Amino acid sequence: VYGITLGMSVTQIGLFFSVQEGATMILKPLGGRLGDRWGRLRVIALGMLLYGFMLPLLARAPSMAAMMVLAGVFGAAQALVFPATTALVANRVDPAHLGAGMGMMGALNNAAKVAGPILAGLLITQVDFARTLQLLGLMLLGGGILLLGIRSAPRLWPGFHKGMALGKVEQ
């Protein structure tokens, strides 16, 4: 909808999403590897911070070429968040309940896909697209910073991370 309000054609909007998904597809193995090396929570936070910084720029993109660069960066952010999140869940769920854990993760992902546009639409009716993108970007930045602060989690929630936030790979 935002692309149409900018005067983009349906083809250009499709190209934006193709570039985003293409970048995600190509970079997911690297994102997963970084999660293995640096720690799942750190890589999830990095992806959220990247998304948070870039999302407000979407409203200021001066050209279609700039939009395509942003699409690639959004794809890179997704490639950091999703493999690390899947691995985090796989590491934290009892193997006897792994299917249920993955199913719950998928259900939460689907719920976000449904709730996100509805909540963003409600926000857009109160403010404009640009302000909505800024607010969503700030939320992502706050969430990323919060995840980076999870290092103190053992004191707050005993047994929470067992080294994952510190970059250690669980065996």
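Predicted model, so just to flag it, every value in this text is computed and none were measured.
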Visitor: If you look only at pairs with a residue in residues 15-26, which of them pass as a side-chain hydrogen bond (donor to acceptor under 3.5 Å, both in side chains), with sequence neighbours excluded?
Guide: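 Listed by first then second residue: Q20-Y51, Q20-Q78.
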Visitor: Quick one: name the residues clustered hydrophobically with L123, using the 4.5 Å side-chain heavy-atom rule over I, L, V, M, F, W, Y, and just say none if it's on its own.
Guide: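 Its cluster mates, by chain and number, are V127, L135.
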Visitor: Same cluster for L27 and M68 if Ile/Leu/Val/Met/Phe/Trp/Tyr side chains link at under 4.5 Å?
Guide: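 Cluster IDs for L27 and M68 match.
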Visitor: Are more than 12 heavy atoms from other residues, nucleotides or ligands located less than 6.0 Å from atom CE of M139?
Guide: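 It does not: M139 CE has 12 such atoms or fewer within range.
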Visitor: Cluster question for you: counting only ILVMFWY and a side-chain heavy-atom cut-off of under 4.5 Å, with indirect links fine, are V19 and M25 together?
Guide: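 No, V19 and M25 fall in different hydrophobic clusters.
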Visitor: Return all side-chain donor-acceptor pairs below 3.5 angstrom for residues 93-116, not counting sequence neighbours, or 'none' if the list is empty.
Guide:
from : atom 1 : to  : atom 2 : distance (Å)
D94  : OD1    : A96 : N      : 2.8

Visitor: State, with a plain yes or no, whether a side-chain heavy atom of Q12 is found less than 4.5 Å away from one of M67.
Guide: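 Of all side-chain heavy-atom pairs linking M67 with Q12, none is under 4.5 Å.
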Visitor: Looking at V69, L70, V73, which hits side-chain contact (heavy atoms from CB on, under 4.5 Å) with L57?
Guide: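 Of the listed residues V69, L70, V73, the side-chain contact (heavy atoms from CB on, under 4.5 Å) partner of L57 is L70.
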Visitor: Could you list the residues that satisfy side-chain contact (heavy atoms from CB on, under 4.5 Å) with L133, not counting sequence neighbours?
Guide: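 Checked L133 against side-chain contact (heavy atoms from CB on, under 4.5 Å); matches are Y2, L55, L58, A59.
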Visitor: Just by distance, do the side chain of R40 and the backbone of G35 share a donor-acceptor pair under 3.5 Å?
Guide: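 Here the side-chain-to-backbone pair exists.
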Visitor: Would you say the side chain of L49 lies within less than 4.5 Å of the side chain of L140, judging by non-hydrogen atoms?
Guide: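 A side-chain contact under 4.5 Å is absent here.
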Visitor: With sequence neighbours excluded, tell me which residues meet side-chain contact (heavy atoms from CB on, under 4.5 Å) with L34.
Guide: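 If we apply the side-chain contact (heavy atoms from CB on, under 4.5 Å) test to L34, skipping adjacent residues, the hits are L30, W38, V43, L80.
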Visitor: Sequence neighbours left out, what passes side-chain contact (heavy atoms from CB on, under 4.5 Å) with I4? Give chain and number order.
Guide: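 I4 satisfies side-chain contact (heavy atoms from CB on, under 4.5 Å) with I13 only.
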